[in-house]
Novice: 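Before we start, here is the structure in question, set down as structure tokens.
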Amino acid sequence: MVRVNRVHPQSIAAELGIEPGTELMTVNGRELADFLDWEFLSAEDELVIEARLPGGEAVIYEVERPEGETMGLDLEPPTVRRCANRCEFCFIEGLPKGLRKPLYIRDDDYRLSFAYGNFATLSNLKERDFTRILEYRLSPLYVSVHATPWEARKTLLNNPKVPDVVAQLRRLAEGGIQFHAQMVVVPGLNDGDVLEQSLTDLWSFGESCLTVAMVPVGLTQFSHLYTGGSMDRGTARLLLETSERWAARAGRERGHAWVYGSDELYLLAGRDLPPLEYYGDLSQIENGVGAISSLRSRVAEQARLLPWIGRRRVGVVTGTSMAPLMPELLARIEAATGVELVLIPAENSLFGPTTTTAGLLVGADIRAALSHRTDLDLALIPAETINEARVFLDDATLDDVRGDIAFPVHPSYDFIDVLSVPEHLDSRSSAIAGR
Ligand code: SF4
């Protein structure tokens with residue numbers, strides 16, 4: 001059974017009288033267990049839907065759906081499949097105590113992998129799940145492989161029952177499923193020979209393995225499960241040598257790089273990032289692969305379209321790993337707009353100084369960076385620091401933080417999104433009133 005959360009006005013579902021709270025039991029005689037069943041079974045043009053209205057009344061809808069028209073309903077969010085691992089580097093195990101509960105949910109859900117590009121280890125897949133993946137053709141999936149040698153993977157995932165991922169991927173590949181792979185590399189556990197074997201195995205899947213991201217392990221000061229070595233500059237350079245050697249082969253034989261070092265790996269290695277074209281269709285950008293090159297390209301193309309703003313001082317808060325790359329970007333925007341951009345690198349007070357990513361800064365860090373300043377007209381903070389409800393990881397809300405700062409503060413993805421909107425740059429008082 002799946003439950004309806006929202007019915008779109010003037011939709012087929014609205015015409016049928018389906019209401020929020022209606023339970024959808026079967027479609028064309030097949031039971032609905034979750035949103036995937038609904039999505040795939042309701043794709044037919046002729047539907048017989050068994051349902052129960054919120055008052056308890058059982059109803060059967062017979063629907064002939066015009067081609068291309070959706071039913072027009074949203075389901076309640078699914079119960080997320082929990083993970084059975086305790087990975088060496090698990091970010092959730094590395095969270096401090098006392099944060100809001102949803103942050104501690106360790107999901108490992110192939111359904112979300114297909115629907116939203118979340119990475120899943122496949123270690124909790126049951127036979128029924130394989131059947132569904134193959135029947136519904138859930139492709140591509142995003143798979144946290146980390147290591148293909150079985151013993152190494154058991155160690156990395158801290159899970160002696162983890163299945164053989166090579167056999168799992170082979171079964172999926174033979175069923176026509178493609179996947180993107182991620183390798184979080186832990187020095188001493190899955191670099192060196194294990195990494196080489198893993199890339200060899202993944203390469204052997206041919207076009208079924210679409211891309212591989214090589215990501216350096218990232219730890220917080222609370223990462224208590226970690227037994228690996230330190231991810232220093234020399235290790236990062238060795239990893240990039242490996243990824244670029246494989247990428248060169250892939251470029252020759254497959255026409256694209258196939259394996260990509262994450263942006264963080266290049267920053268750690270102190271190496272220049274490849275140009276945007278290197279990253280193809282940016283299929284792992286959400287995994288921090290090509291994000292910086294994409295930002296650079298956007299700024300290069302769009303800064304000249306910004307309006308001339310003139311003498312304003314705008315603070316730009318970022319994490320310590322991104323800070324060295326910012327001057328080049330900010331200079332382009334200064335030249336186009338006439339504003340003075342003041343770079344403000346901030347340390348992470350919640351996760352500790354080893355966590356340098358801009359998107360993990362918390363409300364307290366933004367306050368600490370900005371609340372004492374009197375020299376700015378406006379400040380931009382990384383948009384990734386807040387969720388859809390505009391709440392930081394430390395539970396501070398954007399409005400709370402703004403209340404402690406004497407000038408407007410705007411979340412921004414690329415500076416251009418804020419600076420291209422004239423209202424954000426009105427006089428200080430009107431901007432404050434309108435924020
Ligand atoms: S799969 Fe590993 S990293 Fe992901 S939530 Fe589970 S323990 Fe954490």
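Heads up: numbering here begins at 1 and tracks the sequence. Just so you know, ligand 1 is whichever comes first in the structure, and atom 1 is the first atom listed for that ligand.
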Novice: Side chains of Thr227 and Glu88: do they bring a donor and an acceptor to under 3.5 Å?
Specialist: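 Side-chain D/A pair, Thr227 to Glu88: present.
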Novice: Would you check if atom 2 (Fe) of ligand 1 lies under 2.8 Å from any N, O or S atom of Cys90?
Specialist: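 Under 2.8 Å: Cys90 has no N, O or S contact with atom 2 (Fe) of ligand 1.
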Novice: Identify the closest protein heavy atom to atom 7 (S) of ligand 1: which residue and atom is it, and at what distance?
Specialist: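 Answer for atom 7 (S) of ligand 1: Cys87 N, 3.2 Å.
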Novice: Table please: side-chain donor-acceptor pairs of residues 263-280 below 3.5 Å, with sequence neighbours left out.
Specialist:
from   : atom 1 : to     : atom 2 : distance (Å)
Asp263 : OD1    : Gly290 : N      : 2.8
Asp263 : OD2    : Ala291 : N      : 2.9
Asp263 : OD2    : Ile292 : N      : 2.8
Tyr266 : OH     : Glu244 : OE2    : 3.0
Arg271 : NH2    : Glu244 : OE1    : 3.3
Arg271 : NH2    : Glu244 : OE2    : 2.9

Novice: What I want to check is whether the side chains of Tyr110 and Asn124 have a donor and an acceptor closer together than 3.5 Å.
Specialist: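 Side chains of Tyr110 and Asn124: no pair found under 3.5 Å.
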Novice: Restricting to non-hydrogen atoms, name the atom on Asn348 and the atom on Thr355 that form the minimum distance, rounded to 0.1 Å.
Specialist: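 Of all heavy-atom pairs spanning Asn348 and Thr355, the closest is CB-O, 3.4 Å.
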Novice: Applying a heavy-atom cut-off of 4.0 Å, say which part of Thr121 lies close to ligand 1: side chain, backbone, both or neither.
Specialist: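 It is the side chain that gets close, since no backbone atom is under 4.0 Å.
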Novice: Salt-bridge test for Asp399 and Arg390: reply yes if a basic N is under 4.0 Å from a carboxylate O, no otherwise.
Specialist: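 Between Arg390 and Asp399 there is a salt bridge, with a charged N closer than 4.0 Å to a carboxylate O.
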Novice: Is any heavy atom of the protein nearer than 4.0 Å to atom 3 (S) of ligand 1?
Specialist: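 At least one protein heavy atom is under 4.0 Å away.
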Novice: Short check: any N/O/S atom of Cys83 below 2.8 Å from atom 8 (Fe) of ligand 1?
Specialist: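 It does not; every qualifying atom lies at 2.8 Å or beyond.
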Novice: Identify the protein heavy atom lying closest to atom 5 (S) of ligand 1, giving its residue, its atom name and the separation to 0.1 Å.
Specialist: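 Answer for atom 5 (S) of ligand 1: Arg106 CB, 3.6 Å.
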